[in-house]
> 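Have a look at this one.
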Amino acid sequence: MKQSIGLLGLLFAFVLTPLSAQDKPLTFDQFMIWVRQYHPVVKQADLYLEFGKQEVRKARGGFDPYLYGSIDEKQYQEKQYYNKREGGVLIPTVGGVEFQGIVENNKGTYLNPEQNVPSNGLYAVGAAVNVGNGLLIDKRRAALQQAKIYNLASIEERRLSLINLYYDATVAYWKWAGAYADLKVHEEGLRLAKVRFEGVIGRFEQGDLPAIDTVEAYTQVLNRSIKFQKAGYEFFSSTQELNVYLWDEEERPIGLEALAVPEPLFSLPFQELNKDFYSEALLDHPELRLIDYDLDYLDVERRYKAEQLKPKIKLKYNFLTETFGGMQQLGFLENNYKFGIQVATPLLLRKERGDLGLTKTKIADVNYKRDLKFEQLSAKLRKFFNEYQVLDQQLKIFSQTVKGLENLLKGERIKFELGESSLFLINARETSLFDSHLVNNSLYVDLNIAFSKVRSAAGLGFEDF
């Protein structure tokens, strides 16, 4: 039996492979900076800005100069009935005025009298302006204003995406750090069990302890070996989850080095959170800002729909001349000009009033949505703030529990050496202490994550990195 126990002791001497003394720590700040620089979600978030930029460019296209031209000719029975040629340029402006330049050159036997122009053609230069519907805002100006609002909203969309990335990456890192800390606890537990197992074998061989104690020690080695293997699996799994957030400069996924380890769970100094600071930061939360931009967007729509209630009155005026040099002698409404007024309006305006009413209803709906969203975000912030404070208090209390269990274990070991205790009590004390270390690790992980919850709920993310 002694020989069998000795062989078992030799076997379990190789169960544990000690963690390397050349471990390379990856701190939380280093990890977050790397994520902020190279993660694909950051690249995707930057595309929101490009979307906004292109929307503004598209809307500005409504004010691009517009060239046009036409040829209309009729030949019948060897007669040229008419040959009408016209070309021009139309230049819209953000002020609502459309400038126009036209060139006409018409020939033929059967032209309408008003289409007769000098043989060298006729030039017309003038403008058109809406003095009723479209004076303050029109479709083009409304589209440009809404595109600018969309561009500003794209900045908030980007912020919101980065906040979510910040939180997810923070959770992945501290779970990885917690798994590593648990692995170290189980490593120490297995090491002590092996040392005690070897000591018990020695004392059994000397006749100081009964054989049953060797079975007790052997069982502890087996149990802690299984727990250590499970902790190793958890650490490996958390490492794979962390690798998802690691990419290089060329947008290729990379993995942690074999010797990479997290910084200790207890390395970050915790301080009292400034409730006023986070409450004030909440007012600029991207989710609230996005709703504000929705309201701004709808307000532009409201003003445009209100403009449709006005009658359409369009004034057109063009100077006429055979040469551009002749325009210097032209006077307004004196000679050689074309002038026109277009007037139109629906009689009942039911469609226009319905459109305006729908827009006002949408605005009221979004205002309710904003009020609700603010209360939801405020409640979430208060919840996470309280969670952080509770965890902070629990850690302070539990640290005293750990110290008490450490003192109990020391006392039990002294009694065991004096022959006043048993191996069973030693194992029980150690198990309680190791379990308390695991709980302590879990509290530290939860506290670190709770801190990121507070920041995320307040609309903060990578600003400090």
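Basis for what follows: all heavy atoms, side chains included, without hydrogens, waters or symmetry-related copies.
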> Does the side chain of Asn106 come within less than 4.5 Å of Tyr82's, by heavy atoms?
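No. Closest side-chain heavy atoms not under 4.5 Å.
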> Pairs in or reaching into residues 37-63: which pass salt bridge (charged side-chain N to carboxylate O under 4.0 Å, His left out), with residues at least two apart or in two chains?
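Non-adjacent pairs meeting salt bridge (charged side-chain N to carboxylate O under 4.0 Å, His left out): Asp46-Arg158.
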> Just how far is it from atom CZ of Arg289 to atom CG of Leu283, taken to the nearest 0.5 Å?
10.5 Å
> For Arg382 and Asn386: C-alpha separation, side-chain torsions, deciding distance, then whether side chain to side chain contact (heavy atoms under 4.5 Å, CB included) applies.
CA-CA 6 Å; Arg382 292 192 297 268; Asn386 182 68; over 6 Å; no
> Heavy-atom count check: over 12 atoms from other residues, nucleotides or ligands less than 6.0 Å from Glu280 CD?
no
> Answer yes or no: is there a side-chain heavy-atom contact under 4.5 Å between Thr359 and Tyr304?
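Not in contact.
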> Below 4.5 Å, heavy atoms only, C-beta onward: do Gln342 and Lys312 meet side chain to side chain?
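Gln342 does not reach Lys312 side chain to side chain.
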> Among Gln308, Glu352, Lys310, Glu307, which one satisfies side chain to side chain donor-acceptor pair (under 3.5 Å) with Asn133?
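Testing Asn133 for a side chain to side chain donor-acceptor pair (under 3.5 Å) against Gln308, Glu352, Lys310, Glu307 leaves exactly one candidate, Gln308.
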> Search all heavy atoms of Pro65 against all heavy atoms of Val89 and return the closest pair with its distance.
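The pair with the smallest heavy-atom distance is CB-CG2, 4.3 Å.
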> Dump the intermediate steps for side chain to side chain contact (heavy atoms under 4.5 Å, CB included) on Met32 and Phe28, then the final yes or no.
CA-CA 6 Å; Met32 296 302 286; Phe28 176 67; 3.6 Å; yes
> Using a 3.5 Å distance criterion without hydrogens, assess whether the side chain of Ser237 forms a donor-acceptor pair with backbone atoms of Tyr233.
yes
> Return yes if some donor-acceptor pair links the side-chain N/O of Ser225 with the main-chain N/O of Leu222 below 3.5 Å, else return no.
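Not at all, since once roles are kept as given, no pair shorter than 3.5 Å links the two residues.
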> Any idea how Phe235 and Trp176 line up, ring-wise: parallel (<30°), tilted (30 to 60°), or perpendicular (>60°)?
parallel
> If the condition is salt bridge (charged side-chain N to carboxylate O under 4.0 Å, His left out), which residues does Arg159 pass it with, not counting sequence neighbours?
Glu156, Asp284
> Is Lys305 paired with Glu301 through a side-chain N to carboxylate O contact shorter than 4.0 Å?
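Judged by the 4.0 Å cut-off on N to carboxylate O distance, Glu301 and Lys305 do form a salt bridge.
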> Can you name the nearest heavy-atom pair linking Gly52 to Ser154, along with the distance?
CA-OG, 4.0 Å
> Would you please name every residue forming a salt bridge (charged side-chain N to carboxylate O under 4.0 Å, His left out) with Lys79, sequence neighbours left out?
none
> Kindly indicate whether the side chain of Val125, heavy atoms from C-beta on, has any atom under 4.5 Å from the side chain of Gln100.
no
> Do you know the tightest heavy-atom contact between Val56 and Ala147?
CG2-O, 3.5 Å
> For the residue pair Glu73 and Gln75, confirm or rule out a side-chain donor-acceptor distance under 3.5 Å.
yes
> For the CG atom of Leu122 and the OG1 atom of Thr321, what is their distance to the nearest 0.5 Å?
7.5 Å
> In chain order, what residues pass the side chain to side chain contact (heavy atoms under 4.5 Å, CB included) check against Thr345, with sequence neighbours excluded?
Pro311, Leu349
> Using a 4.5 Å cut-off on heavy atoms from C-beta on, say whether the side chain of Arg224 contacts that of Thr431.
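Yes - at least one pair of side-chain heavy atoms lies under 4.5 Å apart.
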> Looking at every non-hydrogen atom in both residues, tell me the closest pair between Ala457 and Leu282 and how far apart they are.
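That would be O-CD1, 3.4 Å.
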> Could you list the residues that satisfy salt bridge (charged side-chain N to carboxylate O under 4.0 Å, His left out) with Glu234, not counting sequence neighbours?
none
> I would like to know whether Phe51 and Tyr150 meet side chain to side chain contact (heavy atoms under 4.5 Å, CB included); could you show each step before the answer?
CA-CA 9 Å; Phe51 285 140; Tyr150 180 87; 4.0 Å; yes
> Verify the neighbour count for atom OH of Tyr81: are there more than 12 heavy atoms of other residues, nucleotides or ligands below 6.0 Å?
yes
> Does a side chain donor of either Glu241 or Ser238 reach within less than 3.5 Å of an acceptor in the other side chain?
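Ser238 and Glu241 do not have a side-chain donor-acceptor pair below 3.5 Å.
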> Just so I know, are the side chains of Asn441 and Val185 near enough to count as touching, which here means a heavy-atom distance under 4.5 Å?
yes
> Sequence neighbours excluded, which residues qualify as side chain to side chain contact (heavy atoms under 4.5 Å, CB included) partners of Ile341?
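Ile313, Leu315, Phe339, Val343.
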> Identify the heavy atoms of Leu265 and Ala177 that sit nearest to each other, and give their distance.
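Closest heavy-atom pair between Leu265 and Ala177: CD2-CB, 3.8 Å.
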> Drop me the distance from Leu298's CG to Lys360's NZ, to the nearest 0.5 angstrom.
13.5 Å
> With under 30° as parallel and over 60° as perpendicular, where do the rings of His437 and Phe434 fit, or are they tilted in between?
tilted
> Begin with the C-alpha distance, continue with both residues' side-chain angles, and end with the deciding distance and a verdict on side chain to side chain contact (heavy atoms under 4.5 Å, CB included) for Lys275 and Phe385.
CA-CA 8 Å; Lys275 191 172 184 179; Phe385 200 91; 3.6 Å; yes
> Side chain of Glu322, backbone of Pro118: donor and acceptor closer than 3.5 Å?
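It does not hold such a pair.
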> A side-chain contact here means heavy atoms from C-beta on lying under 4.5 Å apart; do Tyr48 and Ile155 qualify?
no
> Set out, in order, the CA-CA distance, both residues' side-chain angles and the distance that settles ring pair (Phe, Tyr, Trp, His ring centres under 6.0 Å) for Tyr337 and Tyr317, then state yes or no.
CA-CA 7 Å; Tyr337 66 87; Tyr317 185 87; 5.6 Å; yes
> Could you name each residue pair satisfying salt bridge (charged side-chain N to carboxylate O under 4.0 Å, His left out) that touches residues 81-100, not counting sequence neighbours?
Asp72-Lys84, Glu98-Arg140, Glu98-Lys314
> Would the distance check show the side chain of Ser456 and the main-chain N or O of Ser452 forming a donor-acceptor pair, the cut-off being under 3.5 Å?
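Yes; judged by distance alone, with no hydrogens or angles, the pair exists.
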> Could you list the residues that satisfy ring pair (Phe, Tyr, Trp, His ring centres under 6.0 Å) with Phe374, not counting sequence neighbours?
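By the ring pair (Phe, Tyr, Trp, His ring centres under 6.0 Å) rule, Phe374 matches no residue at all.
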> Using the test salt bridge (charged side-chain N to carboxylate O under 4.0 Å, His left out), find all partners of Asp355 that sit at least two apart in sequence or belong to another chain.
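If we apply the salt bridge (charged side-chain N to carboxylate O under 4.0 Å, His left out) test to Asp355, skipping adjacent residues, the hits are Lys351.
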> With a sphere of 6.0 Å drawn around OH of Tyr68, does it hold more than 12 non-hydrogen atoms of other residues, nucleotides or ligands?
yes
> Counting C-beta onward and ignoring hydrogens, is there a side-chain heavy-atom pair between Thr170 and Asn448 closer than 4.5 Å?
no
> Could you pull out all residues at least two apart from Asn243 that satisfy side chain to side chain contact (heavy atoms under 4.5 Å, CB included)?
Thr239, Gln240, Leu246, Leu256
> Roughly how far apart are Tyr444 OH and Gln394 CD, rounded to 0.5 Å?
13.0 Å
> Just grab all the side chain to side chain donor-acceptor pair (under 3.5 Å) pairs involving residues 363-378, residues at least two apart or on different chains.
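Only Glu287-Lys373, Asp292-Arg370 qualify under side chain to side chain donor-acceptor pair (under 3.5 Å).
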> Could you point out which residue of His186, Glu188, Arg191 forms a side-chain contact (heavy atoms from CB on, under 4.5 Å) with Phe228?
His186
> Compare every heavy atom of Gly232 with every heavy atom of Leu183, then report the nearest pair and how far apart it is.
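The pair with the smallest heavy-atom distance is CD1-N, 3.6 Å.
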> Please identify each residue that fulfils side chain to side chain contact (heavy atoms under 4.5 Å, CB included) with Asp168, with sequence neighbours left out.
Tyr245
> Given the ring of Tyr166, does Arg455 sit roughly above its face, with NZ or CZ under 6.0 Å from the centre of the six-membered ring and within 45° of the axis?
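The answer is yes; both the distance and angle limits are met.
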